[in-house]
Amino acid sequence: MTMLLSPAEIAGLSLKNRVVMPPMCMYEVHEEDGLPTAFHRAHYGARAISGVGLIIQEATAVEADGRLSNRDLGLWTDEQADALSQMVADLHYLGAQVGVQLGHGGRKAHDAIDPIAPSAIGYGADYRDPREMTLEDIERVQTAFVEAAKRADKAGYDMIELHGAHGYLINQFLEPQSNQRTDNYGGSLENRFRFLKEVVEEVKAVFSKPIWVRLSMSAYDETGVQNTIEDYQQIGKWLEELGVACLDISTGGLMDVRPNIPIHGGYQAGFTAKMKEAVSIPVTAVGLLNSPELDEYLLQSGQADLILLGRGLLRNVNWLADAAVTLHDHDFKVYNDSYRRGQVK
């Protein structure tokens, strides 16, 4: 048996394999009401049938004006929670564990009426300049995360991921380039971590299942302003102390720049390995991990604990079955006998 396709008790979950479908925005809420559609049920259902161990639902907004776009899913109303609960139940029936990524776009909330951010620093020409959040704004958004977590619990999700990466609100608080506050939420690394720390503490009080955090460990900033690897290792240690179950490691998004490192399969795995040096909780790898051999190597060599496969699963819904052939894993089982016939070449 391979590590990639074998069951694992990890990050507070019982997973049938270590393949995770990461949150990927689909922008398919055409009514702009935050409610799931037939697309979402088919999109996620197909990956559950294919055998993905954990499906993490795309970035789901905690308040209407915090959406990355008006076509995003939401969990700021009970109606949304009720609609999502049926989808979660269906995915459970199909054999997958299901999580939801909770987030707020901050200055990258493209369609926001009143964009907000830690500091009044814009993201780019295509985005409205945000206003600096007041303490009342901070408290309101933190409460929105908590209320969304309560709804996620009611809807039956197995885990929550707090979106602290890719230049969205939590990431904006963490990074000195986007956070130039002079109060207790700005300045030192510890102060810039305070917003996320308080969100984690408050969400843990209402959601007893695993909480993950996604981090961008590099902004690809060449001016020397961004957090260092050591800064993120310290953030990882603080999150572990708070009881976070897993760190989902990515990069980029804070600035409108491309990575300043070669982009190839596993190009972000080195950041995952660096975080694993600092913490004892599970750490994920993501980023062009389309090769089953590479994924198995990252797991076997201890550089990652879980593999997040995004574009590979969009390209090939039967990626896991094909990976089993490539890795000669004869223990992997497709959904049923009818699907097994489809694998015969």
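Owing to the predicted nature of the structure, the values given are computational and were not obtained by experimental measurement.
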Is the side chain of [X] donor-acceptor paired with the backbone N or O of [Y] at a distance under 3.5 Å, no angle test?
X	Y	answer
Glu161	Ile211	no
Tyr267	Pro262	no
Lys274	Met217	no
Glu296	Met3	yes
Asp65	Ile113	yes
Ser50	Asn318	no
Glu58	Cys25	no
Arg181	Met133	yes
Arg107	Gly122	yes
Thr272	Thr284	yes

If two hydrophobic side chains count as joined below 4.5 Å and joins carry through other members, does [X] share a cluster with [Y]?
X	Y	answer
Leu309	Met24	yes
Ile55	Phe39	yes
Val20	Ile160	no
Val244	Met159	no
Leu320	Met21	yes

Within the structure provided, determine whether [X] and [Y] are in side-chain contact (heavy-atom separation under 4.5 Å).
X	Y	result
Ile56	Pro22	no
His104	Phe145	yes
Leu91	Val88	no
Ile138	Gln142	yes
Arg192	Pro118	no
Gln177	Ile121	no
Leu254	Asp221	no
Leu289	Leu298	yes

Just wondering, more than 12 heavy atoms not from [X] lying within 6.0 Å of its [atom1]?
X	atom1	value
Ile263	CD1	yes
Glu230	CD	yes
Tyr297	OH	no
Gln300	CD	yes

Under a 4.0 Å N-O cut-off, is there an ion pair linking [X] with [Y]?
X	Y	value
Asp82	Lys154	yes
Arg18	Asp295	no
Lys197	Glu201	yes
Lys209	Asp158	no
Lys150	Glu147	yes

Reported [atom1]-to-[atom2] distance for the pair [X] and [Y], which is rounded to 0.5 angstrom:
X	Y	atom1	atom2	value
Arg140	Glu63	CZ	CD	4.5 Å
Tyr157	Leu84	OH	CG	4.0 Å
Arg67	Asp72	CZ	CG	7.5 Å
Ser6	Lys16	OG	NZ	13.5 Å
Gln303	Glu277	CD	CD	10.0 Å
Leu73	Thr60	CG	OG1	5.0 Å

Positive for side-chain contact (heavy atoms from CB on, under 4.5 Å) with Thr2, one of Thr326, Leu299, Asp329
Asp329
Identified side-chain contact (heavy atoms from CB on, under 4.5 Å) counterpart of Leu215 within the set Val283, Leu174, Asn227, Asp248
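Among Val283, Leu174, Asn227, Asp248, the one that satisfies the side-chain contact (heavy atoms from CB on, under 4.5 Å) with Leu215 is Leu174.
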State, to 0.1 Å, how close [X] and [Y] come at their nearest heavy-atom pair, and which atoms those are.
X	Y	answer
Trp212	Leu306	CH2-CD1, 3.5 Å
Ile49	Tyr335	O-CB, 3.4 Å
Met1	Pro7	CE-CD, 3.9 Å

Under 3.5 Å, is there a donor on one side chain and an acceptor on the other for [X] and [Y]?
X	Y	value
Glu175	Asn179	no
Glu32	His30	no
Ser188	Glu190	no
Tyr185	Glu198	yes
Glu240	Ser280	yes

Can you list the steps and then say if Leu189 with Trp238 is a side chain to side chain contact (heavy atoms under 4.5 Å, CB included)?
CA-CA 11 Å; Leu189 180 65; Trp238 285 333; 3.9 Å; yes
Can you say whether the rings of His328 and His330 are parallel (under 30°), tilted (30 to 60°) or perpendicular (over 60°)?
tilted
What orientation do Tyr168 and His166 show, parallel under 30°, tilted 30 to 60°, or perpendicular over 60°?
perpendicular
Chi angles and distances behind the side chain to side chain contact (heavy atoms under 4.5 Å, CB included) call for Leu314, Arg47
CA-CA 9 Å; Leu314 293 180; Arg47 277 72 194 181; 4.2 Å; yes
Kindly determine whether Asp90 and Tyr44 satisfy side chain to side chain contact (heavy atoms under 4.5 Å, CB included), including the steps that lead there.
CA-CA 10 Å; Asp90 289 344; Tyr44 292 115; over 6 Å; no
Go through the steps to decide whether Leu308 and Arg214 satisfy the test side chain to side chain contact (heavy atoms under 4.5 Å, CB included), and finish with yes or no.
CA-CA 12 Å; Leu308 272 62; Arg214 174 171 276 202; 3.3 Å; yes
